[in-house]
Amino acid sequence: MNQQTQAAQLHSIPALSNNNMPRACLATFVMATSFLSTINHFHMVATAGLADDGILLTPDIVSRIHTDHDSIARASSDFGHIVEAIPNGVFHPTSPADIVALIRLSISQPKPFAVAPRGQGHSARGQALAPGGIVIDMRSMRRGDHVSMSSEQLWADVGGEQLWIDVLHATLEHGLAPRMWTDYLRITVGGTLSNGGIGGQAFRHGPQISNVHELDVVTGMGEMITCSPDKDSDLFFAALGGLGQFGVITRARIALEPAPKRVLWVRVAYADVESFTSDQELLISKPASSGSGFDYVEGQVQMNRTLTEGRRSSSFFSASELDQLAKLVLDTGSTAIYYIEGAMYYNDDTASSVNQKLERLLEELNFVPGFAFVRDVSYVEFLDRVGREEQKLRAAGVWDVPHPWLNLFVPRDRWDDRMTTATPGGEDVFYAVGLLRSAVAAGDLERLERENAAVLAFCDREGVGCRQYLPHHASRDGWRRHFGEKWGRLAALKRRYDPRGILSPGQGIFPAAGSDSL
Ligand code: FAD
């Protein structure tokens with residue numbers, strides 16, 4: 001992949017807040033009136049049948065559909081806590097064959113039911129919900145952290161249901177690790193591969209979907225297909241970033257690299273956006289072969305008031321460093337502080353030279369003098385940094401709150417031409433910009449939604465040409481514009497691999513199950 005990606009995230013660390021019990025209760029109450037008729041219906045139609053490939057359609061499948069209060073309530077919402085939709089049941093498969101059987105059961109009906117795989121449900125806009133259908137709880141397929149791998153060929157076969165944190169621990173036992181990571185690891189392989197999988201290593205390796213050799217996919221026709229760039233490649237490429245529309249990913253063969261032991265984890269601070277973006281682009285232009293750059297590059301923007309008005313805790317900065325940053329804000333009068341976050345991996349054999357290497361690199365950068373902060377941590381500590389943040393937010397009661405997140409891919413050349421430094425010839429550079437905000441007080445959600453809408457309207461008006469990542473569009477026209485010239489091909493692939501339109505209806509891209517108008 002010749003595109004380079006940087007993540008510039010705007011983090012807003014929330015204060016103490018409310019919870020969302022009333023809405024969860026309402027969802028469960030409505031469910032109670034509908035599930036009985038659905039279960040009876042399944043019993044009527046699912047008593048017989050041995051398909052050509054020996055997959056049984058038996059009441060056993062129906063018995064794995066849970067309709068209890070907790071299962072339904074959990075599957076009715078997601079991390080975003082903005083959208084709710086009640087499924088008729090939650091399916092607990094123990095193998096990919098169970099998923100095949102469920103899908104065949106659906107499409108054997110005159111009016112098929114919708115089916116949505118749910119990894120961790122860490123979507124923000126109901127993408128893993130199945131209103132009136134069946135949610136597949138992929139957690140039930142997890143069995144410890146076992147993965148099979150080839151140490152010689154540097155790949156691992158991992159289940160679509162597996163958490164990246166488990167993949168990390170399993171591969172580390174062999175001294176290996178996936179080379180491309182998301183910032184947060186308690187999300188699933190199937191969930192991130194259905195989107196992209198962006199993180200600070202993307203400038204080197206592309207997104208996670210560019211680091212996959214092969215997939216097992218259960219299509220909307222109930223067929224299990226092993227696909228790769230050489231075999232059934234249309235399904236392979238459709239499923240990668242496919243928003244769950246073409247099949248359920250049950251296995252992925254992902255690229256590994258020798259795992260480093262330790263990491264110099266660095267933040268450098270800027271008071272002006274030009275130096276910040278120039279330095280980011282300098283850093284991502286350094287080829288791996290030069291041995292002189294970071295192995296991970298991201299950026300963050302912190303609005304000044306979050307440093308000066310009331311003290312925020314940080315899992316990276318100490319209290320005295322936060323004081324130092326607050327003083328920088330007051331001294332410069334800038335509206336925001338910008339951080340480049342970098343990581344330099346090292347091992348026993350490079351331990352003696354890594355500090356010098358970092359010093360040389362920092363000398364090339366134009367951050368505010370004296371504002372470089374370095375932590376020496378294990379590789380796991382570095383990769384699992386957001387997991388620690390999660391624990392703190394959970395303890396403060398501000399994890400399960402609405403998250404009106406907006407993520408955008410923004411082309412660099414429209415970002416601001418003045419900020420551009422030389423980049424490798426012929427390569428596209430774009431930023432992944434995440435406004436990752438939490439609604440914790442009354443009125444926050446509405447205000448943040450208005451701000452998101454204003455950002456999108458601005459991009460539209462100014463012709464910025466950005467695309468949503470983890471996208472959400474309320475209309476079919478919105479989706480057509482989102483996919484642009486890819487739309488016709490996607491619609492054809494949908495007709496081929498999910499002609500009854502049963503898969504992942506929460507994305508709202510294609511007409512829902514039972515519709516004839518695909
Ligand atoms: P779910 O929300 O369960 O599902 C997402 C979609 O994929 C749904 O449509 C679902 O039906 C479908 N799906 C799920 N499993 C499968 C499967 N096996 N086969 C086919 N379709 C499937 N993303 C990044 O790229 N980089 C980041 O750094 C990053 N950080 C994050 C940090 C946090 C705290 C959170 C909450 C999210 C972050 N994300 C990030 C976004 C995340 O990658 C997506 O929300 C992802 O979809 C979550 O995975 P999940 O397993 O919870 O998927």
Side-chain angles (χ1 to χ4, degrees), residues 5 7 9 11 74-75 77-81 83 87 93 96 99 103 114-130 133-139 141-142 158-165 180-202 206-209 215-220 235 238-252 296 298 341 383-391 393-394 399-401 403 405 407 409 432 434 436-438 469-472 497-498 502-509:
T5 316
Q9 300 183 327
H11 285 286
R74 183 175 180 277
S77 186
D78 60 17
F79 179 78
H81 290 292
V83 179
I99 297 175
I103 289 178
V115 170
R118 177 187 175 96
Q120 280 293 90
H122 273 22
S123 294
R125 303 261 172 195
Q127 287 91 335
L129 306 185
I134 300 294
V135 168
I136 304 176
D137 189 341
M138 299 295 286
R139 285 184 311 172
M141 301 228 295
R142 281 180 212 150
V158 299
E161 73 286 354
Q162 279 181 291
L163 296 177
W164 283 104
I165 184 78
M180 183 54 218
W181 296 100
T182 49
D183 292 350
Y184 177 60
L185 306 186
R186 283 159 178 81
I187 43 184
T188 65
V189 170
T192 69
L193 294 187
S194 295
N195 281 293
I198 310 287
Q201 300 85 357
Q208 284 178 328
I209 52 174
L215 296 174
D216 284 345
V217 178
V218 182
T219 68
L235 179 61
L240 292 172
L243 305 174
Q245 296 306 300
F246 310 100
V248 180
I249 297 169
T250 56
R251 178 186 63 92
Y296 156 107
E298 289 198 7
E341 182 169 68
L383 290 179
D384 199 21
R385 61 201 179 279
V386 180
R388 292 194 297 282
E389 197 79 24
E390 173 184 358
Q391 293 314 315
L393 294 174
R394 280 190 186 281
W399 180 258
D400 291 320
V401 297
H403 294 101
W405 285 10
N407 287 276
F409 290 136
L436 310 180
R437 301 186 290 179
S438 304
Y469 175 57
L470 311 170
H472 167 72
Y497 289 110
D498 182 23
I502 64 170
L503 294 174
S504 295
Q507 299 277 3
I509 305 171

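Counting starts at 1 for both ligands and their atoms, in listed order. The structure displayed is predicted, hence computed values, not measured ones.
Under the 4.0 angstrom criterion for non-hydrogen atoms, A124 is not in contact with ligand 1.
Those atoms of ligand 1 with a heavy atom of T192 less than 4.0 angstrom away are 43 (O). Counting atoms of ligand 1 from 1 in the listed order, those under 4.0 Å from a heavy atom of Q120 are 3 (O), 50 (P), 51 (O), 52 (O). Numbered from 1 in the order shown, with element, the atoms of ligand 1 that lie under 4.0 Å from a heavy atom of R118 read 3 (O). Counting the atoms of ligand 1 from 1 in the order shown, those under 4.0 Å from a heavy atom of S504 are 9 (O), 10 (C), 11 (O). Under a 4.0 Å criterion applied to the non-hydrogen atoms of G197, ligand 1 contributes the atoms 25 (O). Below 4.0 Å from some heavy atom of Q507 lie the following atoms of ligand 1, by number and element: 6 (C), 8 (C), 9 (O). Per-residue contacts place D183 under 4.0 angstrom from the following atoms of ligand 1 (heavy atoms of the residue considered): 27 (C), 28 (O). Applying the 4.0 Å criterion to heavy atoms of G244 picks out, from ligand 1, the atoms 21 (N).
Side-chain contact check for E341 and Y296: at least one donor-acceptor pair (N or O, by modelled atom type) lies under 3.5 Å.
Counting heavy atoms from C-beta on, the side chains of D78 and H122 never come closer than 4.5 Å. In this structure, the side chains of Y497 and L235 come closer than 4.5 Å at one or more pairs of heavy atoms. Residues V83 and L129 have side chains in contact (heavy-atom distance under 4.5 Å, counting atoms from C-beta outward). Taking the side chain as every heavy atom from C-beta outward, T219 and D498 never approach each other to under 4.5 Å. In this structure the side chain of Q120 never reaches within 4.5 angstrom of the side chain of M138, judged on heavy atoms.
For L185, the side-chain contact (heavy atoms from CB on, under 4.5 Å) partners are W164, I165, L168, W181, T182, L383, not counting sequence neighbours. Applying the salt bridge (Lys or Arg N to Asp or Glu O under 4.0 Å) rule to R385 yields the partners D183; only residues at least two apart in sequence or on another chain are considered.
Considering W399, Y469, Y184 only, the shortest heavy-atom separation from atom 31 (C) of ligand 1 involves Y184. When L163, V189, I198, L129 are ranked by how near their heavy atoms come to atom 26 (N) of ligand 1, first place goes to I198. Of the candidates I187, V217, D137, T182, the one placing a heavy atom closest to atom 39 (N) of ligand 1 is I187. Between the choices A75, A116, P117, the shortest heavy-atom distance to atom 11 (O) of ligand 1 belongs to P117.
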Could you walk me through whether I198 and M180 pass the side chain to side chain contact (heavy atoms under 4.5 Å, CB included) test, one step at a time?
-> CA-CA 8 Å; I198 310 287; M180 183 54 218; 5.6 Å; no
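At a 4.0 Å heavy-atom cut-off, ligand 1 does not touch H403 at all. At a heavy-atom distance under 4.0 Å, only side-chain atoms of N195, from C-beta outward, approach ligand 1. Residue contacts with ligand 1 for L436 are absent, since no atom lies close enough (heavy atoms, distance under 4.0 Å). At a 4.0 Å heavy-atom cut-off, ligand 1 touches W405 through the side chain alone.
Of all heavy-atom pairs between V135 and A128, the closest is CG2-O, 4.1 Å. Nearest heavy atom pair, residue P96 against residue V218, reads O-CG2, 4.4 Å. Nearest heavy-atom pair across T192 and I187 is CG2-CD1, 3.6 Å.
Any N or O atom pair closer than 3.5 Å counts here, and G121 shares at least one such pair with ligand 1. The shortest N or O to N or O distance between T188 and ligand 1 is under 3.5 Å. Taking distance alone, with nitrogen or oxygen atoms compared against 3.5 Å, I249 approaches ligand 1 more closely than that limit. Inclusion of S123 in the set of residues having an N or O under 3.5 Å from an N or O of ligand 1 is warranted.
No option in R186, E390, E389 other than R186 meets the side chain to side chain contact (heavy atoms under 4.5 Å, CB included) test with D384.
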